[in-house]
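Contents: one structure, followed by commentary.
The sequence lines fix the lettering, A, B, ..., with proteins before strands; numbering per chain opens at 1.
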Number of protein chains: 2
Amino acid sequence: MKQSTICPKFEKAISLLSQRWTGLVIYQLLSGTQRFSEIQSAVGISGKVLSDRLKDLEVQGVVKREVFPETPVIIEYSLTEKGHSLEPVLKEIENWSHVWVSSEDDGSCEID
Amino acid sequence: MKQSTICPKFEKAISLLSQRWTGLVIYQLLSGTQRFSEIQSAVGISGKVLSDRLKDLEVQGVVKREVFPETPVIIEYSLTEKGHSLEPVLKEIENWSHVWVSSEDDGSCEID
DNA sequence: ATAAGTTGATTACCTTATGTAACTTACTAT
DNA sequence: ATAGTAAGTTACATAAGGTAATCAACTTAT
């Protein structure tokens with residue numbers, strides 16, 4: 001099963017964004033450079049999967065990884081230009097969510 | 001593991017879009033009402049998962065399902081207002097993909 | 001009448017993907 | 001020595017997804 005009529009570039013982009021956690025991780029990094037454990041606790045993702053995602057995003061040129069050999073070691077993750085260019089997409093989703101997603105029992109966020 | 005600092009509405013929206021195939025199905029329906037098998041062959045998704053996704057999207061008020069008891073039965077899927085309101089998001093992704101995704105061995109689409 | 005075909009789904013069965021928790025490396029502080 | 005820290009990794013269990021066969025309900029072909 002592989003014969004869509006949809007633009008392959010779009011498909012690639014969608015398959016990136018539609019991988020679980022990826023959008024959230026990028027969104028989180030929009031607020032600036034962060035370390036592994038910061039991302040992990042902010043996003044609520046398991047270490048294993050975060051590790052996978054970051055490797056993936058690095059390979060795709062969306063995320064940059066920098067190692068500082070202090071003790072204990074510090075590793076910083078940030079968005080590349082390509083990564084930052086996803087901001088409009090994430091903002092559009094954020095926007096949509098504030099119009100169309102009901103709060104239900106959820107709390108709300110600052111922006112609400 | 002569940003204690004993010006991210007807006008719950010945004011999280012909900014992202015969890016919708018970051019479910020595999022969902023974005024592609026909605027994108028496909030942007031071009032108008034379609035039947036099960038049309039979506040299936042256009043998107044390249046298995047019948048099982050498409051069935052799941054459509055049920056999901058119907059419950060979330062993104063997709064509308066109409067049954068015409070002809071023979072064989074005809075069932076039409078279309079976007080609701082909520083569904084259509086996702087167009088800017090999908091277009092933004094499309095846009096991004098044309099700027100940042102390389103063609104590699106892929107073909108290209110009309111828009112390229 | 002019996003067999004074959006249609007659409008939208010579902011079922012059984014197998015392979016990935018994700019979650020949990022324990023463990024690793026390398027070095028510091030007690 | 002012992003414990004602690006950051007960033008992962010590993011082993012193991014559960015959930016999600018893919019494939020192919022099958023179903024319901026009705027029509028057309030033989």
Side-chain angles (χ1 to χ4, degrees), chain A residues 1-4 6 11-12 14-29 32-60 62-79, chain B residues 1-4 6 11-12 14-29 32-60 62-79:
Chain A
M1 181 157 304
K2 265 290 119 170
Q3 17 91 51
S4 90
I6 293 176
E11 266 195 303
K12 246 188 192 172
I14 272 281
S15 85
L16 174 74
L17 270 329
S18 73
Q19 199 166 24
R20 202 170 184 181
W21 301 115
T22 301
L24 233 36
V25 169
I26 295 171
Y27 179 80
Q28 180 63 27
L29 285 175
T33 298
Q34 277 163 79
R35 300 171 64 176
F36 192 91
S37 51
E38 292 180 85
I39 304 173
Q40 187 174 10
S41 66
V43 171
I45 184 180
S46 75
K48 186 183 104 172
V49 178
L50 179 55
S51 174
D52 282 355
R53 288 299 174 277
L54 288 171
K55 266 187 239 168
D56 233 68
L57 290 171
E58 205 190 340
V59 168
Q60 308 215 30
V62 171
V63 160
K64 185 178 59 184
R65 187 185 121 117
E66 286 180 291
V67 181
F68 299 88
E70 329 254 319
T71 278
V73 66
I74 288 178
I75 295 177
E76 291 189 341
Y77 293 93
S78 55
L79 293 178
Chain B
M1 179 157 305
K2 267 289 120 167
Q3 17 89 49
S4 90
I6 292 175
E11 266 194 304
K12 247 189 191 170
I14 273 281
S15 84
L16 174 74
L17 270 328
S18 73
Q19 198 166 27
R20 202 169 183 182
W21 300 115
T22 301
L24 234 35
V25 169
I26 295 172
Y27 179 80
Q28 180 63 27
L29 285 175
T33 299
Q34 277 163 79
R35 299 172 64 178
F36 191 90
S37 51
E38 293 180 83
I39 303 172
Q40 187 174 10
S41 67
V43 171
I45 183 180
S46 74
K48 185 182 105 172
V49 179
L50 178 55
S51 175
D52 283 355
R53 287 298 174 277
L54 289 171
K55 265 186 242 172
D56 232 69
L57 290 171
E58 204 191 341
V59 168
Q60 308 215 30
V62 171
V63 160
K64 184 177 60 182
R65 187 185 122 117
E66 286 181 291
V67 181
F68 299 89
E70 329 252 321
T71 279
V73 66
I74 287 177
I75 295 176
E76 291 189 342
Y77 294 94
S78 55
L79 294 177

* Expressed in angstrom and rounded to an integer, what is the separation of Leu54(B) atom CG from dT7(C) atom C1'? -> 14 Å
* Calculate the interatomic distance between Ile39(A) atom CD1 and dA6(D) atom C1'; express it in whole Å. => 13 Å
* To do: Can you spot which of Val63(B), Leu57(B), Leu24(B) makes a side-chain contact (heavy atoms from CB on, under 4.5 Å) with Leu29(B)?
  => Val63(B)
* To do: Sequence neighbours left out, what passes side-chain contact (heavy atoms from CB on, under 4.5 Å) with Ser37(A)? Give chain and number order.
  => none
* Structure fact -> By side chain to side chain donor-acceptor pair (under 3.5 Å), Gln19(A) pairs with (sequence neighbours left out) none
* Are Gln28(A) and Gln34(A) close enough, and set up right, to give a side-chain contact (heavy atoms from CB on, under 4.5 Å), and what steps lead you there? -> CA-CA 9 Å; Gln28(A) 180 63 27; Gln34(A) 277 163 79; 2.7 Å; yes
* **Step-by-step side-chain contact (heavy atoms from CB on, under 4.5 Å) determination, Tyr27(B) to Val43(B)** => CA-CA 9 Å; Tyr27(B) 179 80; Val43(B) 171; over 6 Å; no
* Asked: Sequence neighbours excluded, which residues qualify as side-chain contact (heavy atoms from CB on, under 4.5 Å) partners of Ser15(A)?
  -> none
* Kindly say if Arg35(A) contacts the phosphate of dA6(D), meaning a side-chain N or O under 4.0 Å from OP1 or OP2. => no
* To do: Report yes if a side-chain nitrogen or oxygen of Tyr77(A) is closer than 4.0 Å to either non-bridging phosphate oxygen (OP1 or OP2) of dA6(D); otherwise report no.
  => no
Could you tabulate the donor-acceptor pairs under 3.5 Å formed by side-chain atoms of residues 67-77 of chain A, not counting sequence neighbours?
unit_1	atom_1	unit_2	atom_2	d
Tyr77(A)	OH	Arg65(A)	NH1	3.4

* Asked: Rounded to the nearest Å, what distance is computed from the CD atom of residue Glu58(A) to the P atom of nucleotide dG8(D)?
  -> 9 Å
* To do: Report the distance from atom CD of Gln40(A) to atom C1' of dG8(D), rounded to the nearest whole Å.
  => 10 Å
* Value in whole Å for how far the P atom of dG8(D) lies from CG of Leu50(A) -> 8 Å
* To do: Calculate, to the nearest 0.5 Å, the distance between atoms CG and CZ belonging to Leu16(B) and Arg53(B) respectively.
  => 10.0 Å
Do any N or O atoms of the protein come closer than 3.5 Å to N or O atoms of nucleotides 21-30 of chain D, and which pairs are they?
unit_1	atom_1	unit_2	atom_2	d
dC26(D)	O3'	Thr71(B)	OG1	3.3

* Summary of protein contacts for nucleotides 10-18 of chain C, nucleotide by nucleotide, where a base hit scores B, a sugar-phosphate-only hit scores S (4.0 Å, heavy atoms) -> BBB-----B
* I would like to know whether Phe36(A) and Leu54(A) meet side-chain contact (heavy atoms from CB on, under 4.5 Å); could you show each step before the answer? => CA-CA 9 Å; Phe36(A) 192 91; Leu54(A) 288 171; 3.9 Å; yes
* **d(CD, Glu76(B); C1', dG8(C)) in whole Å** => 13 Å
